[in-house]
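Worksheet for the structure shown next.
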Amino acid sequence: MPYQHILVAVDLTEECDPVIQRARDLSVSNGAKLSLVHIVEPMAMAFGGDVPMDLSQLQQQQFDQAKERLEKLIVKYPELTRENSHLSYGQPRQEIHHLAKEQACDLVVVGSHGRHGLALLLGSTANDLLHGAHCDTLAVRLKRAE
Ligand code: AMP
């Protein structure tokens, strides 16, 4: 059975190109719809909870910057459309799973650095996504610049 709706999750760094290209190639070969998602993580979460200052302005800047980067990707990849590109706020695993379910996606594509040892213990989004996944999840191996 070919995939029908592929969701590619991107962190909006320069590393997201190979992930999008793999998802795009799969969408072409499967004749599947292609959607894209980026999750903006709450700053308080990144700082570990209680932060004694108002982060709302910084958070808005972060959201605006993400919107700009997403827009550049839509221009760069004609297969991506504004309608099928999603920007959400929250915890990546939770939000990506939620969107994949809501949009009836049957494949989620993410990048993976193939961490091992201590780095693996610190976790990765790809590992995190496998837990509780409602559909197939493809981790595209990313090569770190030496
Ligand atoms: P990481 O585990 O943070 O190195 O990220 C690995 C992959 O997870 C990235 O290449 C993306 O595919 C995905 N990812 C990481 N952070 C996000 C995010 N905030 N929103 C959507 N996808 C993400």
Side-chain angles (χ1 to χ4, degrees), residues 3-30 32-51 55-146:
Y3 290 113
Q4 296 190 346
H5 190 178
I6 298 172
L7 177 66
V8 57
V10 292
D11 56 9
L12 298 179
T13 66
E14 61 282 0
E15 281 192 331
C16 69
D17 281 308
V19 186
I20 296 176
Q21 284 158 11
R22 186 83 175 96
R24 179 193 58 187
D25 292 351
L26 280 167
S27 81
V28 171
S29 60
N30 283 262
K33 177 177 167 180
L34 181 65
S35 292
L36 178 137
V37 62
H38 174 72
I39 311 298
V40 177
E41 290 181 71
M43 284 200 160
M45 200 139 89
F47 287 119
D50 290 337
V51 186
L55 294 174
S56 53
Q57 220 176 334
L58 272 176
Q59 194 79 69
Q60 186 57 46
Q61 278 175 15
Q62 195 192 6
F63 206 85
D64 293 344
Q65 205 179 51
K67 228 174 180 174
E68 261 174 49
R69 290 188 185 168
L70 204 69
E71 191 59 38
K72 282 188 185 154
L73 288 177
I74 294 169
V75 171
K76 187 169 178 182
Y77 295 97
E79 296 83 359
L80 298 172
T81 63
R82 238 159 247 116
E83 194 196 349
N84 295 338
S85 299
H86 308 267
L87 192 57
S88 303
Y89 183 73
Q91 199 262 337
R93 173 173 68 159
Q94 210 170 310
E95 295 305 317
I96 294 168
H97 282 166
H98 175 75
L99 186 74
K101 204 171 176 185
E102 185 189 80
Q103 298 284 320
C105 297
D106 46 7
L107 177 66
V108 172
V109 179
V110 282
S112 166
H113 294 106
R115 290 182 177 90
H116 53 273
L118 193 60
L120 184 61
L121 286 180
L122 296 175
S124 76
T125 309
N127 272 332
D128 208 20
L129 275 172
L130 284 176
H131 297 281
H134 305 284
C135 66
D136 290 0
T137 304
L138 173 68
V140 176
R141 183 84 158 87
L142 298 172
K143 292 185 185 78
R144 281 211 187 281
E146 296 301 323

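Counting starts at 1 for both ligands and their atoms, in listed order. Because only heavy atoms are used, hydrogens play no part in the values below, and waters and symmetry mates are left out as well, while side chains stay in.
- Note: no N/O pair closer than 3.5 Å links P92 and ligand 1 by distance alone.
- Here's the thing with I39: one of its N/O atoms is less than 3.5 angstrom from an N/O atom of ligand 1.
- In terms of N/O distances under 3.5 Å, ligand 1 is approached by G111.
- When the options V40, V8, T125 are ranked by their closest heavy atom to atom 3 (O) of ligand 1, first place goes to T125.
- Within a 6.0 Å sphere centred on CD of Q4, other residues, nucleotides and ligands contribute 12 heavy atoms or fewer.
- Between Y3 and D136, the closest side-chain pair of non-hydrogen atoms falls below 4.5 Å.
- In this structure, E15 falls outside the shell of residues with a heavy atom less than 4.0 angstrom from ligand 1.
- Within 6.0 Å of NE2 on H98 lie no more than 12 heavy atoms contributed by other residues, nucleotides or ligands.
- Near S124, meaning under 4.0 Å from any of its heavy atoms, are these atoms of ligand 1: 2 (O).
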Does the side chain to side chain contact (heavy atoms under 4.5 Å, CB included) test come out yes or no for Q21 and R24, once each step is laid out?
CA-CA 5 Å; Q21 284 158 11; R24 179 193 58 187; 3.7 Å; yes
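- For E83, the CD atom counts as loosely surrounded, since its 6.0 Å shell holds 12 or fewer non-hydrogen atoms of other residues, nucleotides or ligands.
- Of all atoms in ligand 1, listed by their number and element, those nearer than 4.0 Å to a heavy atom of H113 are 4 (O).
- The shortest non-hydrogen separation linking V108 to A100 is CG2-CB, 3.9 Å.
- Across the listed options D11, T13, V10, N127, V10 owns the non-hydrogen atom lying nearest to atom 21 (C) of ligand 1.
- Tested against H86, the residues I96, L99, L70 include a single side-chain contact (heavy atoms from CB on, under 4.5 Å) partner, L99.
- Here is the list of ligand 1 atoms found below 4.0 Å of a heavy atom in V110: 12 (O).
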